[in-house]
Amino acid sequence: MAIRFDAAVLRSYEGRFAVEQVALEEGPAPDEVLVRIAGCGMCRTDLAVRGSAGRSPLPAVLGHEGSGVVVETGGPDTRLAVGDHVVLSFDSCGHCRACISGAPAYCDSFAELNLFGGRTTNAARFADAAGIPLAPRWFGQSSFAEYAMVPARNAVRVDPTLPLELLGPLGCGFLTGAGAVLNTFGVVPGDALAVFGAGAVGLAAVMAATAAGAVVLAVDRHPERLATAERFGAVPLYGTGGLADRIKRLTDGGVRYALDTTASPDLINEALRALRPTGHLGLVARLRQSLPLEPGTLDRGRKLSHLCEGDAVPGVLIPRLTALWQAGRFPFDQLIRTYPLDEINEAERDCETGRVVKPVLLPPHRTKEHP
Ligand SMILES: [Zn+2]
Ligand SMILES: [Zn+2]
């Protein structure tokens, strides 16, 4: 029996989202669960679909920072039960060399599963009210919707006393920033870290580094975003001039780690110049142009790498982040503003202008019958 519910559909790369009825043709496969979405964060990658040069297929239901309650399971293989509270994260195959070595963010099938294709079993099952197939689910979820059918592999069970509707961004944006600090860098008390770009990913990195006892410096063009970074423990650096020298003066010769969320070649070179020998600069945004490196910037053991999803195993890092939140040391909820799903276009505008760090969409659950 088909499951019908409301979802925000994007039909053209320049168009607005529209909330309409969609249908899933059948119930969960043995490794899937159906989740009643409580909230879904909006991430830069959702909006990057518009500029993907048509590579991400439309029409589609986007949204990949969902959280909700399991309402149906495909069976015991899912290890989840009806009523479980879950945070949904990125999809991975579970079988390739990266997955079996604990690095699912570098899954051989990452692009296909999350951005361009989906699991083949799911490909034709998702349709609009007229029966026209929609793009395969996005990041294994498509959570700008009342319900999402997801592989149990990327649904992480969480403590039911937590504020479920706000937890979705722990599956991508906040996971990325915090994971870079806690997993990739393994920041310890006394380390110094510079964060370039104080958006959702950068601010999560600031919070995680502060929680880990590091000295954090934050760079951004927007004074309000820097004020937010300062509120969460960062030394704010205004303006773009002489950043590396300023960072070196403030940190006794340079930082051990830097995280760039801007993909700006100028800022990346400033970040490299601010590194101590053996320091590590992690990039999280996709480069849109070639990156000229100045002679000497990688000398003396300095390292530059691109990081995906904070090098995280979601089932390990998400419970760690909720525990930090419960201890008052990772106040990610303060970065969130909620919107009804109907106001998704306003949420996109506020995200683009930087007025809101992390919009979270709340589906209305107008669909009367339980699917
Ligand atoms: Zn894999
Ligand atoms: Zn994301």
Side-chain angles (χ1 to χ4, degrees), residues 6-20 22-24 32 37 40-66 88-93 96 98 104-128 130 132-145 147-151 153-154 168-169 171-173 175-176 199-201 261 263 283-289 306-310 314 341 344-345 347-349 351-352 358-361 363:
D6 280 355
V9 179
L10 186 69
R11 291 189 172 275
S12 77
Y13 295 99
E14 310 77 30
R16 291 162 63 85
F17 290 92
V19 175
E20 51 182 89
V22 301
L24 284 163
E32 290 178 333
I37 296 296
C40 182
M42 179 175 273
C43 174
R44 289 273 157 198
T45 309
D46 293 309
L47 307 181
V49 166
R50 296 189 179 285
S52 72
R55 291 198 307 148
S56 288
L58 296 182
V61 178
L62 304 176
H64 64 283
E65 292 184 343
L88 309 179
S89 194
F90 60 90
D91 203 2
S92 57
C93 80
C96 72
Y106 303 99
C107 174
D108 287 353
S109 305
F110 186 92
E112 177 203 338
L113 289 173
N114 292 290
L115 303 170
F116 305 128
R119 290 168 198 250
T120 50
T121 52
N122 183 58
R125 295 192 296 148
F126 203 35
D128 68 10
I132 311 279
L134 298 172
R137 65 183 160 200
W138 172 249
F139 276 82
Q141 43 179 300
S142 288
S143 292
F144 289 153
Y147 291 86
M149 186 73 81
V150 306
R153 179 174 165 75
N154 40 318
C172 186
L175 178 99
T176 298
V201 172
T261 69
L283 311 180
V284 297
R286 177 175 287 269
L287 291 172
R288 290 175 295 273
Q289 54 192 305
H306 192 275
L307 316 176
C308 187
E309 302 284 0
L341 184 61
I344 185 169
N345 294 298
E348 178 178 2
R349 180 199 61 208
C351 190
E352 287 290 7
K358 177 58 74 178
V360 168
L361 286 309

Thr261 OG1 to Leu307 CG distance, which is reported to the nearest 0.5 Å: 11.5 Å

Whether Asn154 side chain and Ser89 backbone form a donor-acceptor pair below 3.5 Å: yes

Donor-acceptor pair, side chain of Tyr13 and main chain of Ala53, under 3.5 angstrom: no

Nearest heavy-atom neighbours spanning Lys358 and Cys43: NZ-CA, 3.8 Å

Minimum-distance pair of heavy atoms, taken over all atoms of Leu113 and Cys107: CD1-SG, 4.5 Å

Gap separating the CD atom of Glu309 from the OG1 atom of Thr45, nearest 0.5 angstrom: 7.5 Å

Other residues, nucleotides, ligands: >12 heavy atoms within 6.0 Å of Arg349 CZ: yes

With Ser143 via side-chain hydrogen bond (donor to acceptor under 3.5 Å, both in side chains) - residues at least two apart: Gln141

Closest contact, heavy atoms only, Ala148 versus Leu88: CB-CD1, 4.5 Å

Taking every non-hydrogen atom, the tightest pair across Ala7 and Val22: CB-CG2, 3.8 Å

Heavy-atom closest pair, residues Pro104 and Arg153: CB-NH2, 4.0 Å

side-chain contact (heavy atoms from CB on, under 4.5 Å) assessment of Cys93 paired with Asp108: CA-CA 8 Å; Cys93 80; Asp108 287 353; 5.9 Å; no

Kindly list each side-chain donor-acceptor pair under 3.5 angstrom involving residues 54-64, sequence neighbours excluded, with atom names and distances?
from	atom 1	to	atom 2	distance (Å)
His64	ND1	Asp46	OD1	2.9
His64	ND1	Asp46	OD2	3.4
His64	ND1	Trp138	NE1	3.4

Flag side-chain contact, heavy atom, 4.5 Å: Cys40 against Pro363: no

Any side-chain heavy-atom pair of Cys172 and Phe90 under 4.5 Å: no

Side-chain heavy-atom pair Arg137, Pro151 within 4.5 angstrom cut-off: yes

Main-chain N/O of Asn114 paired with Asp91 side-chain donor or acceptor, under 3.5 Å: no

Shortest non-hydrogen separation from Leu47 to Cys351 and the atoms involved: CD1-SG, 4.1 Å

Euclidean distance, Met149 CE relative to Ser142 OG, rounded to 0.5 Å: 12.0 Å

Straight-line distance of Phe17 CZ to Met42 CE, nearest 0.5 Å: 5.0 Å

Sequence-distant partners of Arg50, side-chain hydrogen bond (donor to acceptor under 3.5 Å, both in side chains), two or more places apart: Glu348

Gap separating the CG atom of Leu134 from the CG atom of Leu24, nearest 0.5 angstrom: 9.5 Å

Heavy-atom side-chain contact between Ile37 and Leu361 under 4.5 Å: no

Check: Arg44 side chain, Gly173 main-chain N or O, donor-acceptor pair, under 3.5 Å: no

Separation between CZ of Phe110 and SG of Cys96, rounded to the nearest 0.5 Å: 11.5 Å

Pairwise side-chain contact, Pro169 with Val360, heavy-atom cut-off 4.5 Å (strictly under): yes

